[in-house]
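See below for the structure under consideration.
Indexing begins at 1, ligand by ligand and atom by atom, following the structure's order. These figures come from a predicted structure and were not determined experimentally. The first residue of the sequence shown is numbered 1, and numbering continues consecutively from there.
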Amino acid sequence: MSGKLRLAVFVSGGGTNLQSIIDSCHQESYPAEIAVVVSNKSKAYGLQRAEQAGIPTEIVAHKDFNSRQEHETEIIRRLEKHSVDLVVLAGYMRVVTDVLLKRFFNHARKLPGVINIHPADTRAYQGAHGYEYAMGQLEQHPERLAQTKITVHFVDSGVDTGPIVRQVPVPIEAGDTLDDLRARGLKVEHQLYPEVIRLYAEGRLMLNDNVVTIIVGAV
Ligand code: GAR
């Protein structure tokens with residue numbers, strides 16, 4: 001083994017965040033590697049990105065199971081052979097349960113073992129369609145914001161309620177379309193997620209009373 005943090009990246013769709021992590025892992029000095037890519041959708045383009053990069057894939061369709069817990073139990077069974085240290089949700093459009101969270105809790109580091117990226121401030125908006133929310137395009141949220149905040153957070157058993165690791169604001173300009181904002185936001189996502197994975201791998205993250213501290217300097 002290389003001593004690098006071994007990731008399982010979970011995707012349901014296009015996988016541009018997965019691609020940014022693949023690209024980061026290609027740098028020799030990057031402290032993590034992708035052990036496996038998991039999808040609940042057999043047609044997810046992210047699976048093709050993984051195959052192109054020579055990364056093993058596991059497809060576990062949620063439709064084949066009666067409950068989220070049974071679905072995750074099968075995912076865990078499939079992951080055993082890949083020696084995974086951290087689960088990285090990257091456009092994985094399923095709510096996860098304690099079954100997955102408990103299995104991957106990192107007891108040595110006293111840190112959750114599942115992280116997620118979200119295109120909005122998780123304190124203000126949870127769930128799918130974060131860019132539409134920020135643009136004021138959801139029926140329940142008709143107000144357009146001045147900015148969105150890309151958020152990486154630890155996953156807990158709520159929907160986008162876990163402790164925030166890092167947030168980066170992305171301005172919404174006059175005249176922006178949804179596609180403009182998404183393109184600008186994804187650029188930030190693709191930088192931020194590999195950075196946070198690096199912080200985790202280097203042992204720079206601490207969690208106390210649900211608040212994340214980032215250790216700067218020697219660890
Ligand atoms: C990303 O914008 C990610 O933040 C979002 O899905 C997109 C996946 O894109 N995730 C969520 O909304 C989670 N609540 P990708 O498949 O191209 O990485």
Side-chain angles (χ1 to χ4, degrees), residues 7-26 32 34 36-53 55 57-60 62 68 72 86-97 100-101 112 114-138 140-141 145 147-172 176-197 200:
L7 313 174
V9 183
F10 284 32
V11 300
S12 298
T16 63
N17 277 285
L18 165 66
Q19 190 64 54
S20 74
I21 301 165
I22 291 173
D23 295 345
S24 298
C25 290
H26 279 151
I34 305 178
V36 60
V37 169
V38 176
S39 185
N40 59 318
K41 301 252 186 196
S42 61
K43 300 235 161 73
Y45 184 66
L47 289 168
Q48 286 188 42
R49 294 180 189 273
E51 277 153 25
Q52 274 158 25
I55 298 166
T57 57
E58 299 284 354
I59 302 164
V60 189
H62 61 275
R68 291 182 193 279
E72 290 175 8
L86 177 68
V87 171
V88 176
L89 307 183
Y92 181 68
M93 294 313 196
R94 301 283 302 162
V95 175
V96 304
T97 79
L100 192 79
L101 300 176
V114 184
I115 59 173
N116 182 43
I117 191 159
H118 184 70
D121 182 350
T122 49
R123 285 177 282 223
Y125 180 78
Q126 306 83 26
H129 311 302
Y131 287 120
E132 288 85 342
Y133 155 75
M135 288 293 289
Q137 293 183 358
L138 298 181
Q140 325 82 287
H141 295 284
L145 309 181
Q147 60 174 26
T148 189
K149 282 187 182 168
I150 308 297
T151 306
V152 176
H153 63 95
F154 284 123
V155 176
D156 65 12
S157 52
V159 177
D160 298 328
T161 50
I164 292 170
V165 181
R166 280 205 56 202
Q167 284 192 317
V168 176
V170 175
I172 301 175
D176 269 353
T177 64
L178 177 61
D179 284 347
D180 294 333
L181 176 63
R182 194 190 308 280
R184 192 176 305 130
L186 279 169
K187 263 194 199 159
V188 173
E189 292 191 39
H190 299 159
Q191 276 211 322
L192 179 64
Y193 219 6
E195 271 174 36
V196 170
I197 294 165
Y200 194 107

4.5 Å side-chain heavy-atom contact, [X] and [Y]:
{"X": "E189", "Y": "S20", "value": "no"}
{"X": "R49", "Y": "I55", "value": "no"}
{"X": "E132", "Y": "R182", "value": "yes"}
{"X": "L145", "Y": "Y133", "value": "yes"}
{"X": "N17", "Y": "H190", "value": "yes"}

* **N or O contact, Y131 vs ligand 1, cut-off under 3.5 Å** => no
* Asked: Just distances here: any N/O of H129 and N/O of ligand 1 closer than 3.5 Å?
  -> no
Where is the nearest protein heavy atom to [atom]: which residue, which atom, and how far?
{"atom": "atom 10 (N) of ligand 1", "answer": "I117 O, 3.5 Å"}
{"atom": "atom 15 (P) of ligand 1", "answer": "T16 N, 3.4 Å"}
{"atom": "atom 4 (O) of ligand 1", "answer": "E189 OE1, 2.8 Å"}
{"atom": "atom 14 (N) of ligand 1", "answer": "H118 ND1, 3.2 Å"}
{"atom": "atom 9 (O) of ligand 1", "answer": "N17 ND2, 4.0 Å"}

Could you check whether any heavy atom of [X] sits closer than 4.0 Å to an atom of ligand 1, since that is the contact criterion I want to use?
{"X": "V11", "result": "no"}
{"X": "L89", "result": "no"}
{"X": "Y92", "result": "no"}

* Asked: Roughly how far, to the nearest 0.5 Å, is the CD1 atom of I197 from the CD1 atom of I34?
  -> 7.5 Å
* About how many Å separate CD1 of I117 and NE2 of H153, when rounded to the nearest 0.5 Å? -> 9.0 Å
* Asked: Relative to the heavy atoms of L186, which atoms of ligand 1 are at a distance of less than 4.0 Å?
  -> 2 (O)
* Asked: G14 heavy atoms, cut-off 4.0 Å: which ligand 1 atoms fall inside?
  -> 16 (O)
* Structure fact -> Logged contact type for Q126 with ligand 1, heavy-atom cut-off 4.0 Å, is neither
* Structure fact -> At under 4.0 Å between heavy atoms, what of M93 touches ligand 1? The answer is side chain
* Is T151 reaching over with its side chain to a backbone N or O of A120, donor-acceptor style, under 3.5 angstrom? -> yes
* To do: Would you confirm whether R184, through its side chain, and P171, through its main-chain N or O, come within 3.5 Å as a donor-acceptor pair?
  => yes
* Ignoring hydrogens, just give me the one of G13, G91, G15, G130 whose non-hydrogen atom is nearest atom 16 (O) of ligand 1. => G15
* To do: Pick whichever of P119, S12, G185 has a heavy atom sitting closest to atom 12 (O) of ligand 1.
  => P119
* Asked: Are side-chain N/O atoms of D180 and T177 paired as donor and acceptor at under 3.5 Å?
  -> yes
